[in-house]
Amino acid sequence: MAGYTCPFCQHAIANSSETLTTYSFDFSQYMSSHQIHSPASRGITVTPYLIHVEFHKCPNCEKQSIIVKGVGSEVEGITSWIHPVSSSKQYPSYVPEQIKQDYEEAYAILNLSPKASATLSRRCLQGMIRDFWEVHDKGNLCSEIDAIADKVSPSARRALDATRKIGNIGAHMEQDVDKIIDIDPSEAETLLKLIEHLMQEWYINRHDSDMLLDEIISISSAKEAMKKDLSQKAE
Ligand SMILES: [Zn+2]
């Protein structure tokens with residue numbers, strides 16, 4: 001990949017020797033390289049268990065993230081996050097802890113159990129609706145989504161309903177084992193993308209506009225004070 005997004009601060013990073021170091025390992029060989037080339041071109045043999053360990057260093061927040069990637073035929077396709085534990089975004093402190101925890105857990109088990117991940121996404125979404133829109137007296141997600149119908153766009157509403165239904169597949173699967181419908185990791189990941197989208201639209205945008213309005217108000221009060229000061233001097 002040519003670029004990378006820092007999971008800690010969401011900064012887009014171009015891969016270079018300052019931002020990415022890759023190590024290749026298998027049972028008997030080890031090689032480090034600052035260059036982004038295929039293992040073969042670095043003189044390393046691609047054996048069935050060859051893995052890459054990538055260290056990404058963010059020039060913006062200085063934090064490092066670590067990912068293990070399978071390269072050999074036995075481990076091909078494996079992408080395992082070591083630090084942070086998944087590619088989930090790290091949200092600021094004004095997003096409630098329980099909501100962040102559900103979101104991060106849903107990400108952490110995405111490949112292991114997409115169904116459980118979808119169930120957690122559904123719970124996360126419910127937490128967001130209850131907290132952000134202050135919906136408290138409804139009892140189930142279906143009526144909670146109804147309660148905010150006039151506050152979100154029709155397409156967002158349909159997406160919320162769809163998440164509720166997909167999450168139900170995981171939540172109610174034990175009722176009839178013959179009727180289990182599978183959810184694959186990419187489908188479960190799409191639900192997480194919706195949560196990230198709403199996290200931005202709801203929490204982050206509200207916070208950013210609050211900050212902007214506060215700034216304007218404080219500029220205005222400073223100007224008022226200056227004006228008062230000047231007119232006192234004139235008297
Ligand atoms: Zn960063």
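Predicted, not measured: the structure shown is a model, and the values here were computed from it. Remember, it's 1-based here, ligands and their atoms both numbered in the order they're listed.
If you run side-chain hydrogen bond (donor to acceptor under 3.5 Å, both in side chains) between Arg122 and each of Asn168, Thr163, Asp102, only Asn168 comes through. Exactly one of Lys151, Arg157, Lys138, Arg164 qualifies for a salt bridge (Lys or Arg N to Asp or Glu O under 4.0 Å) with Asp146. That residue is Arg157.
Looking only at side-chain heavy atoms (C-beta outward), Leu120 and Ser117 stay at 4.5 Å or farther from each other. Within the 4.5 Å cutoff, no side-chain heavy atoms of Val71 are placed close to those of Thr47.
We find the OH-CG distance between Tyr103 and Leu198 to be 12.0 Å, quoted to the nearest 0.5 Å.
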Item to complete: Take Asp131 and Tyr203 through the side-chain hydrogen bond (donor to acceptor under 3.5 Å, both in side chains) test and state the conclusion after the steps.
Response: CA-CA 10 Å; Asp131 173 69; Tyr203 287 99; 2.5 Å; yes
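Looking only at protein N/O/S atoms, the ones less than 2.8 Å from the Zn ion (ligand 1) make 4 in total.
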